[in-house]
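What follows is a set of notes on a single structure, which appears directly below.
Computed from a predicted model, the values in this text were never measured in an experiment. Order of appearance sets the numbers: ligands from 1, and atoms from 1 within every ligand.
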Amino acid sequence: MESATPTQAGGVGASWGAFLKSIASFNGDLSSLTAPPFILSSTSLTEFSSYWCEHPSVFAAPAQEPDAAKRALLVLKWFLTTLKQQYASRSEQYGNEKKPLNPFLGELFLGKWEDNAGTTELISEQVSHHPPATAYNITNLPSGVRLEGYNAQKASFSKTINVKQIGHAVLTVPVPSSAEPDTFLITLPSLHIEGLIFGSPFVELDGSSYITSSTGFTAKIDYSGKGWLSGKKNSFTANLYTTGNEKDVVFNVSGQWTKSFEIHSGPAKHNSKDNLIGNWDPSPLSELIIAPLEKQHPLESRRAWSKVAAGISKGDLDTVSLEKGKIENAQREMRAKEKADGQTWQRRYFSALEDRADSVLTGLGSAVGLPENGDADKTGGLWRFDAAKSEVAHKEPSLSEEEAGKMAKELLGQ
Ligand code: HC3
């Protein structure tokens, strides 16, 4: 993969310098960031939801565990194994994190994994455009383990781009021989971009994030990077304790989220070979299966952005801006039409909880510092998977070519 070094040919050095100047004064909305052409990615942010489940058997494993503390540990382990994919997979070797495509409202990314964990389904939908927010639902069918969530980003500039993630995820785990599932509320880590000045951007996580369970366990994960004098990049330490009592550490996990980590029982101060109970070394990923372009719904990400993506991969910037412009204009016109008709865009798989309390946030939010409204004001709503809508979408006959063409013209200008 190419590296975004400022020494690349074609006056890239100059445009990188201009980019660095422009980010020093941007307004916090990452979608408004104008990046130089060589740093544009042809992957939309709706695709990033798949990073949550590239090891489906690790995702499903907690459903086999009858003990609540060990189940919470398996959930923590799964969460930690997703970090490499989420934050480092796009720039593993050289530091070439690019600017993803800004999803349009209603954009979909659908897929499934088929492996020794059975079938795991992914639904990702852009549920809000201003502010931009993506919602997702992932279900492992045999175990019934299900993750749903939504996220948005708020950026600021201080030495580099700092990104606060807004939103959360909820993991529901059926419990062996119990009618009540275990519910886990998950917060999202903050991140910043490193290597910006050298033209080789990559993500480093910072601060802390949390996972709290309905059975009374909380994990706090502290992230740190390579300092000037000490430390390894992508490091973390995590403590799993009984909720409300941070000193009562049942398990601790430490290592590098891009490499490997070790799990010990009890607090870290007692770590030795004797209380080492497990470890993780990155293992092969399960491949996400997505429909071929011609079988996809017109709003599915890869189909909708295919002309833009082709332009990006050929370095044909005229095509990129022409095709992007078509989508943006069609979307603008659609929103104006909806406004004139007093209508709103109907999300296909998710609904915003209007004036209704969300039981997960009400019950568990305070343990991890999440407000009961799920930051709905910053994400266009408190989004939850809508099983009834999903059933309708599943039963809908696929669109004829003519219908698909009409929809693509109307919504995407194509
Ligand atoms: C900040 C980010 C866009 C958002 C990405 C998120 C937070 C999206 C949700 C996923 O679950 C996790 C995730 C991982 C990476 C985050 C991206 C890293 C860089 C990108 C910026 C918009 C790009 C900035 C441009 C440049 C050239 C400096 O890299």
Side-chain angles (χ1 to χ4, degrees), residues 1-6 8 12 15-24 26-54 79 81-92 94-103 107 109 122 124-128 131-138 147-157 159-169 186-207 209 223 234 257-258 301 312 378-379 383:
M1 242 193 228
E2 105 212 59
S3 161
T5 61
Q8 275 175 312
V12 156
S15 68
W16 187 254
F19 174 61
L20 290 184
K21 272 194 199 140
S22 76
I23 56 176
F26 88 112
N27 65 7
D29 174 3
L30 284 167
S31 59
S32 71
L33 202 65
T34 310
F38 64 86
I39 205 86
L40 295 180
S41 155
S42 55
T43 305
S44 155
L45 270 180
T46 53
E47 290 205 24
F48 284 37
S49 306
S50 67
Y51 294 138
W52 283 108
C53 191
E54 282 174 299
F79 174 83
T81 64
T82 69
L83 298 178
K84 179 176 179 196
Q85 292 316 115
Q86 299 259 23
Y87 303 105
S89 57
R90 298 161 304 279
S91 62
E92 226 161 311
Y94 305 113
N96 50 358
E97 182 77 52
K98 295 185 177 171
K99 184 175 186 289
L101 291 168
N102 294 327
E107 183 176 326
F109 185 66
L122 163 74
S124 175
E125 178 170 4
Q126 190 69 11
V127 286
S128 174
T134 312
Y136 46 86
N137 186 75
I138 299 175
L147 178 79
E148 67 173 311
Y150 57 92
N151 56 16
Q153 297 85 39
K154 176 99 188 119
S156 60
F157 186 85
K159 295 198 185 115
T160 187
I161 300 176
N162 301 290
V163 180
K164 187 171 162 358
Q165 295 202 69
I166 304 160
H168 61 271
I186 302 168
T187 69
L188 310 167
S190 299
L191 57 103
H192 63 269
I193 307 290
E194 297 233 347
L196 207 51
I197 197 113
F198 305 112
S200 51
F202 66 94
V203 168
E204 182 61 276
L205 299 178
D206 50 57
S209 74
Y223 304 92
N234 315 137
W257 49 264
T258 33
S301 190
I312 290 175
K378 299 183 189 114
T379 52
W383 299 100

query = Would you say Tyr223 and Ser209 make side-chain contact, with heavy atoms under 4.5 Å?
reply = yes

Of the backbone atoms (N, CA, C, O) and the side-chain heavy atoms from C-beta on, which set of [X] has a member under 4.0 Å from an atom of ligand 1: side chain, backbone, both, or neither?
X      : result
Gln85  : neither
Leu196 : side chain
Leu188 : neither

query = Should the ring pair Phe38 and Trp16 be called parallel, tilted or perpendicular, given that the plane angle runs from 0 to 90° and is split at 30 and 60?
reply = tilted

task = May I ask you to check whether Gln86 has an N/O atom sitting below 3.5 Å from an N/O atom of ligand 1?
result = yes

message = Side chain or backbone, does Tyr87 bring an N or O within less than 3.5 Å of an N or O on ligand 1?
response =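 No; the residue has no nitrogen or oxygen that sits under 3.5 Å from a nitrogen or oxygen of the ligand.
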
Which atoms of ligand 1 sit under 4.0 Å from any heavy atom of [X]?
X      : result
Ile39  : 27 (C)
Val203 : 18 (C)
Asn151 : 9 (C), 11 (O)
Arg90  : 14 (C), 15 (C)

Give me the residue, atom name and distance of the protein heavy atom closest to [atom].
atom                    : result
atom 23 (C) of ligand 1 : Lys98 O, 3.9 Å
atom 3 (C) of ligand 1  : Leu45 CD2, 4.1 Å
atom 26 (C) of ligand 1 : Glu97 O, 4.0 Å
atom 7 (C) of ligand 1  : Gln165 OE1, 3.5 Å
atom 8 (C) of ligand 1  : Gln153 NE2, 3.6 Å
atom 20 (C) of ligand 1 : Pro100 CD, 4.1 Å
atom 24 (C) of ligand 1 : Leu33 CD2, 4.2 Å
atom 2 (C) of ligand 1  : Leu30 CD1, 4.7 Å

Protein contact for atom 10 (C) of ligand 1 (heavy atom, distance under 4.0 Å) =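 There is a protein heavy atom less than 4.0 Å from atom 10 (C) of ligand 1.
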
ask   = Should we count NZ of Lys99 as having more than 12 external heavy atoms under 6.0 Å?
value = yes

request  = Scan Ile39, Leu45, Thr43 and name whichever one has a side chain to side chain contact (heavy atoms under 4.5 Å, CB included) with Ser41.
outcome  =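 Testing each of Ile39, Leu45, Thr43 against Ser41, the sole residue satisfying side chain to side chain contact (heavy atoms under 4.5 Å, CB included) is Thr43.
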
task = Grab the two heavy atoms, one from Val203 and one from Asn234, that are nearest each other, plus how far apart they are.
result = O-ND2, 4.1 Å

Nearest heavy-atom neighbours spanning Leu188 and His168 = CD1-N, 4.0 Å

key: Partner set under salt bridge (Lys or Arg N to Asp or Glu O under 4.0 Å) for Glu125, not counting sequence neighbours   =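 Glu125 satisfies salt bridge (Lys or Arg N to Asp or Glu O under 4.0 Å) with no other residue.
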
query = Checking Ser124 side chain against Thr46 main chain: does a donor-acceptor pair fall under 3.5 Å?
reply =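 Here the side-chain-to-backbone pair exists.
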
request  = Report yes or no: does Thr160 contribute a side-chain atom to a donor-acceptor pair with the main-chain N or O of Ile193 at less than 3.5 Å?
outcome  = yes

query = Just checking, any donor-acceptor pair under 3.5 angstrom between side chains of Glu47 and Ser301?
reply =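 Ser301 and Glu47 do not have a side-chain donor-acceptor pair below 3.5 Å.
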
Under 3.5 Å, sequence neighbours excluded: what are the donor-acceptor pairs made by side chains of residues 147-155?
{"from": "Glu148", "atom 1": "OE1", "to": "Phe385", "atom 2": "N", "distance (Å)": "2.7"}
{"from": "Glu148", "atom 1": "OE2", "to": "Arg146", "atom 2": "NH2", "distance (Å)": "3.1"}
{"from": "Tyr150", "atom 1": "OH", "to": "Gly374", "atom 2": "O", "distance (Å)": "2.7"}

